[in-house]
Colleague: 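The structure follows.
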Amino acid sequence: MQRLRAEVAAARHAAEATPSTHDYNEAETRDRYIDLLLREAGWALDKVEDIEFRVEGMPNEQGVGFVDYVLWGVDGKPLGLVEAKRTRKDARQGQQQARLYADRLEARYGQRPVIFYSNGYEHWIWDDVRYPQRQIGGFYKRDELELLIQRRMSRRKLAEAKLNTKIAGDKRPYQQRAIRAIAKAFEDEGERKALLVMATGSGKTRTVIALVDLLMRAGWVKRVLFLADRVALVNQAAGAFKAHLPDSAPVNLVTERTGEGRVFLSTYPTMMNLIDGRQEGKAKFGPGHFDLIVIDEAHRSVYQRYRAIFEYFDSFLVGLTATPKDEIDKNTYSLFDLEDGVPTDAYSLDEAVTDGHLVPPVAISVPLKIVRSGLRYDDLSEEEKDQWDMLEWGEDEIPDTVEAAEVNKRLFNQDTVDQVIAHLMQNGLKVESGDRLGKTIIFAKNQAHAVYIEARFNAAYPSLAGHFARVITYESGAYAQTLIDDFSKQDKAPHIAISVDMLDTGIDVPEVVNLVFFKQIRSKTKFWQMMGRGTRLCPDLFGPGQDKEFFRVFDYCQNLEFFGANPEIKEASAAKSLSARLFAARLDLVRALDEKDAKAGGFAMPEQQAYEASGNRVNPPTVEDVRTSALGVLRETVASLNLENFIVRQKRRTVEKYKADQAWNNIDDEARDELVSDIAPLPSSRELGTEEAKRFDLLMFQLELSLLKGSKRFDMLKKQLLEIASALEDQTAIPGIAAQVALIEEIQTAEWWEGATVPLLELARLRLRNLIQHIEKGRKAIVYSNFADEIGAGEEIDLPQVGEADFARFKAKARHFLKKHEDHLVLHKLRQGKPLTTTDLAELEKMLLDAGIGDAGDIERARETSHGFGRFVRSLVGLDRAAVSEAFGEFLSAGTASAAQIEFVGMIIEHLTHRGTMDPSLLYEPPFTDLAPTGPEQVFDEDRVTKLVSRIREISDSAVA
């Protein structure tokens, strides 16, 4: 690598305006940061060579330009160049200048370098042979740049590369369609992001593995990063990659931090930590390390919390989600540069059910009076009122009401749980000829609720106690996985898994036939993940030839009504950390004091010293003391930010700005927004005390702000402080609290609040903040009751996202019935591809109706959707393979057909054998285009193509009378 330094400074200064001292400092800062990033990428900075070009179009009299950095390959050819702009300039101002340098380097060395431009804070990459400019977290390593340049010529066209259908797509063309849609977006449309929407159970992971395989074989990607939010999902994906793409040498970074391979799998927090790792001063994972990042369950909140990862790495990005496309948050689409409601590809639960790849839910809402309405003392019988009064409420006063939100959270009512268990055991789907409840997941509210459900089940069914129903949660510890393993086995207990969050995602048990919603859900993402636990196919579950055709959902908390109405709700934004909120509160306090014309100065001790100094003082600190102390903590927080941390680096310009004294002289609205949005969330080493102390600080700063601004929140915040003071007064046996008992008692008097000022509140904060940790946790006691509950008849709820559920069940029943009667004369004719009569079709309809398989409405729906009832029946029973092969015999004549022709016709035979009919337009779609990308004309002449299409139509039409 070559770098211009002092010997070219004079020429550069002549070519540009004469810099000031400020400009020189800016250039020095810029060079320091760029040099640091280059060293981390493994570039040596010891070689210096003067690179000078006469470049037409340079805006100076000399027409001379100087390349700031040239990144050389081992063969002496330029791999990249860096155009460095001063820190106060937009780095993109160097784009055109860098392009001119790239032109000259290409002319001289016969290789066009990849272009970078940087001002030391923001960095951009521009491989102008292929893609527009884009922001990047640093610089590529030598081998990564070599690969980028090599790919300009070596990577193959994705449209012409064949998919490995053994991984995905075999008999599931929607998976091939999804892969081709992503490939088209990357290749034809120049996109670098894609969002794939696929129903849970339809094979998202296998689809993305086949995509990775395609991109690797075509030379588009070398290393891949798969990210998920839970260790269980990472482990599951790692197992899938090892099973289906072992040559990719998958590395699970959760357990193998130093492993080497081509596919890396990690949780988001693990990757955040690994990015900061250094080996001999070099980054383990530089910005160019991964060519593709896959996000499992992509949605806005994940991006908000971990966006630093996606902004650091320069790669293709593929998001996966099972949330229906019309329910995905609009901001999620914008993250992938997509139009709202238009993912790169989508395969819905509705489609999967219709195609027979998943089973639909039978969703039943079951009303429970207490769960829906709560309990009111005045509504109870006299006997129940006595019971109410005797309950261990754990409060000073017995409440008059228990709201519905408290039921199953802190009040567990025995009769409510017993009725749910009884309803499930009576109405849940059974296996073993109806003798045993099928595999069931109960989604409980919390750990205590789950434990209580298990206890009540054991009391109701003592012969099954201890093994049939088990709690499986994160608190199950090391035994959780063994319980999941047992639950995953059809004939092994437990048969009921009672879970809190753990089984919402990441568990695939096809035998699950009952889901029980015993808690309220309001996240669309979580709701559809949970519904997906029951959608998987399971052949012979109810006996030989008796497959799983649907699963039951019992909802006791009105989730089905909520989501059935397709509500407009937004995914929750990522919550701000306590430290970030505390930073903002301190900042707002300083600004509020400034607005009151308080003068800064005087009290400049660190906060802990202030606490010690004021611990026994009678007089509170002055207003100036309060402002100075708060401002001092803010500045110390900024000073403690580590610029080597990659998250902090992304905000380096702002961090350095506020490390300077003058930046704090005028904190206007713009500065406040910058500090709160960019600085407050950054990881700081500044210690602010225990969590309890920080929460108390936040409360007190909010109180001080409310007092200054006359906010209506003051009374509510005052009540919280009074509760804390009362709780501290109960702990006077602790010496530290006893020493402050006079203040604690005074806070609880009206006189203290009448004279409350910001300094007085600050004195209370300083004296009490380190005592808060001694307060006993104010968690309300769990209450166990046994009031009579009322359970209503279950009502089946239609979910608009599964509109085909009823018709899908009709199809499944019809398929099983017809398969058992394949020797019927009409069905035999149908499977042989022989023309049917009107009488034949009427006989088929009568067969189904007489057997109780559907009604006249289902028959009419089948006729409409398949453009003829004969086509519908044949789509269920298929065609006889021998008959189909015979029909296409002339296309497979021995000695004349090529290998491609034989394979192409074989695919047609396979399709007709299983589906019975075929639209000739499918010849121009996957999987046929995997063999012949431009269609059948690529393997047959025009005359043969015409005959091929005619034969397909002839066979398809034979099912129509």
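Any value given below was found using the heavy atoms of this structure, including those in side chains, with hydrogens, waters and symmetry copies removed. Worth saying up front: this structure is predicted, and the values here are computed from it rather than measured.
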Colleague: Kindly give the heavy-atom pair with the smallest separation between Ser118 and Gly120, and that separation in Å.
Modeller: OG-N, 2.9 Å
Colleague: State which residues pass side-chain contact (heavy atoms from CB on, under 4.5 Å) with Ala671; sequence neighbours excluded, sorted by chain then number.
Modeller: Tyr658, Ile667, Asp668
Colleague: Residues in salt bridge (Lys or Arg N to Asp or Glu O under 4.0 Å) with Asp75, at least two apart?
Modeller: none
Colleague: Side chains of Arg88 and Asn119: closer than 4.5 Å at any heavy-atom pair?
Modeller: no
Colleague: Search all heavy atoms of Pro113 against all heavy atoms of Leu81 and return the closest pair with its distance.
Modeller: CG-CD2, 3.8 Å
Colleague: What is the distance from atom CZ of Arg180 to atom OG1 of Thr344, rounded to the nearest 0.5 Å?
Modeller: 15.5 Å
Colleague: Nearest 0.5 angstrom please: Gln133 CD to Arg99 CZ, how far?
Modeller: 13.0 Å
Colleague: Working to the nearest 0.5 angstrom, can you tell me the gap between Ile182 CD1 and Lys184 NZ?
Modeller: 13.5 Å
Colleague: Any side-chain heavy atom of Ile149 sitting closer than 4.5 Å to one from Leu147?
Modeller: no
Colleague: Taking side-chain contact (heavy atoms from CB on, under 4.5 Å) as the definition, give me every residue that meets it alongside Asp90, ordered by chain and number, with sequence neighbours left out.
Modeller: Arg92, Gln93
Colleague: Restricting to non-hydrogen atoms, name the atom on Leu79 and the atom on Arg142 that form the minimum distance, rounded to 0.1 Å.
Modeller: CD1-CG, 3.7 Å
Colleague: Is the shortest heavy-atom distance from the side chain of Val251 to the side chain of Arg262 under 4.5 Å?
Modeller: no
Colleague: Would you be so kind as to tabulate the donor-acceptor pairs closer than 3.5 Å made by side chains of residues 637-645, with sequence neighbours excluded?
Modeller:
residue : atom : partner : partner atom : Å
Thr637  : OG1  : Val633  : O            : 2.8
Ser640  : OG   : Glu636  : O            : 3.4
Ser640  : OG   : Thr637  : O            : 2.8
Ser640  : OG   : Ser684  : OG           : 2.5
Ser640  : OG   : Arg686  : N            : 3.3
Asn642  : OD1  : Glu644  : N            : 3.0
Glu644  : OE1  : Arg649  : NH2          : 3.2
Asn645  : OD1  : Ile647  : N            : 2.8
Asn645  : OD1  : Val648  : N            : 3.3
Asn645  : ND2  : Asp276  : OD2          : 2.8

Colleague: Check ring-ring contact (aromatic ring centres under 6.0 Å, His included) between Tyr312 and all other residues, then give those that pass, not counting sequence neighbours.
Modeller: Phe646
Colleague: Under the side chain to side chain donor-acceptor pair (under 3.5 Å) test, which residues partner Thr321, sequence neighbours left out?
Modeller: Glu297, Thr323
Colleague: Where is the tightest heavy-atom contact between Ser315 and Ile293, given as atom of each residue plus distance?
Modeller: OG-CG1, 3.3 Å
Colleague: Got a sec, which residues hit side-chain contact (heavy atoms from CB on, under 4.5 Å) with Glu187, two or more places apart in sequence or on another chain?
Modeller: Lys157, Leu158, Ala159, Trp220
Colleague: Looking only at side chains, do Asp35 and Tyr69 share a donor and an acceptor under 3.5 Å apart?
Modeller: yes
Colleague: I need the minimum non-hydrogen distance between Ile295 and Tyr268, along with the two atoms involved.
Modeller: CG2-OH, 2.8 Å
Colleague: Test your reading of the model: is there a side-chain donor-acceptor pair from Glu83 to the backbone of Gln97, 3.5 Å cut-off?
Modeller: no
Colleague: Do the side chain of Asp345 and the main chain of Leu196 share a donor and acceptor less than 3.5 angstrom apart?
Modeller: no
Colleague: For Glu189, I'd like to know if atom CD has over 12 heavy atoms of other residues, nucleotides or ligands within 6.0 Å.
Modeller: yes
Colleague: What's the separation between atom CG in Leu634 and atom CZ in Arg586, rounded to the nearest 0.5 Å?
Modeller: 7.0 Å
Colleague: Let me confirm one number: the CG-CG distance from Asp31 to Leu36, rounded to the nearest 0.5 Å.
Modeller: 12.5 Å
Colleague: Run the side-chain contact (heavy atoms from CB on, under 4.5 Å) check on Leu145 and Asp143 step by step: do they pass?
Modeller: CA-CA 5 Å; Leu145 279 179; Asp143 64 321; over 6 Å; no
Colleague: Has the side chain of Lys141 got a donor or acceptor atom that lies under 3.5 Å from a matching backbone atom of Gly286?
Modeller: no
Colleague: Can you name the residues that form a side-chain contact (heavy atoms from CB on, under 4.5 Å) with Arg257, not counting sequence neighbours?
Modeller: Thr270, Leu274
Colleague: Counting only N and O atoms by type, is there a donor-acceptor contact under 3.5 Å from the side chain of Ser334 to the main-chain atoms of Asp337?
Modeller: no
Colleague: Suppose we call two aromatic rings close when their centres sit under 6.0 Å apart. Are Trp43 and Tyr140 close by that rule?
Modeller: no
Colleague: Please examine the side chains of Arg635 and Trp664, heavy atoms only from C-beta on, and report whether any two atoms are closer than 4.5 Å.
Modeller: yes
Colleague: Which heavy-atom pair separates Ala91 from Trp124 by the least distance, and what is that distance?
Modeller: CB-CD1, 3.9 Å
Colleague: State whether Tyr347 and Arg177 meet the cation-pi test: NZ (Lys) or CZ (Arg) under 6.0 Å from the six-membered ring centroid, and within 45° of the perpendicular axis.
Modeller: no
Colleague: With sequence neighbours excluded, give me every salt bridge (Lys or Arg N to Asp or Glu O under 4.0 Å) pair touching residues 120-136.
Modeller: Arg112-Asp128, Glu122-Arg653, Asp127-Arg130, Asp127-Arg152, Arg134-Asp314
Colleague: So, do Val318 and Leu211 sit near enough that their side-chain heavy atoms are less than 4.5 Å apart?
Modeller: yes
Colleague: Among residues at least two apart in sequence or on other chains, which ones pass salt bridge (Lys or Arg N to Asp or Glu O under 4.0 Å) with Arg581?
Modeller: none
Colleague: Any chance you could lay out the side-chain contact (heavy atoms from CB on, under 4.5 Å) test for His289 and Arg223, step after step, and finish with the verdict?
Modeller: CA-CA 7 Å; His289 191 83; Arg223 287 184 290 259; 3.4 Å; yes
Colleague: For a 4.5 angstrom cut-off between non-hydrogen side-chain atoms, does Lys193 reach Leu317?
Modeller: yes
Colleague: Show the numbers, then the answer: is there a side-chain contact (heavy atoms from CB on, under 4.5 Å) between Thr267 and Val231?
Modeller: CA-CA 6 Å; Thr267 60; Val231 173; 4.0 Å; yes
Colleague: In chain order, what residues pass the salt bridge (Lys or Arg N to Asp or Glu O under 4.0 Å) check against Glu260, with sequence neighbours excluded?
Modeller: Lys284
Colleague: Have a look at Phe264 and tell me which of Phe313, Phe290, Phe241, Phe226 forms a ring-ring contact (aromatic ring centres under 6.0 Å, His included) with it.
Modeller: Phe290
Colleague: Looking at the rings of Phe186 and Phe316, which for Trp means the six-membered one, are their centres under 6.0 Å apart?
Modeller: yes
Colleague: Take Leu265 and Val234 through the side-chain contact (heavy atoms from CB on, under 4.5 Å) test and state the conclusion after the steps.
Modeller: CA-CA 6 Å; Leu265 304 101; Val234 171; 3.9 Å; yes
Colleague: Within a strict 4.5 Å, meaning less than it, do heavy atoms of the Leu227 and Met271 side chains meet?
Modeller: yes
Colleague: Please examine the side chains of Leu214 and Val212, heavy atoms only from C-beta on, and report whether any two atoms are closer than 4.5 Å.
Modeller: no
Colleague: Can you tell me how far apart CG (Asp291) and NZ (Lys222) are? Round to the nearest 0.5 Å.
Modeller: 8.5 Å
Colleague: Once ring-ring contact (aromatic ring centres under 6.0 Å, His included) is applied, do any residues pair with Phe116, and if so which ones, sequence neighbours excluded?
Modeller: Phe139
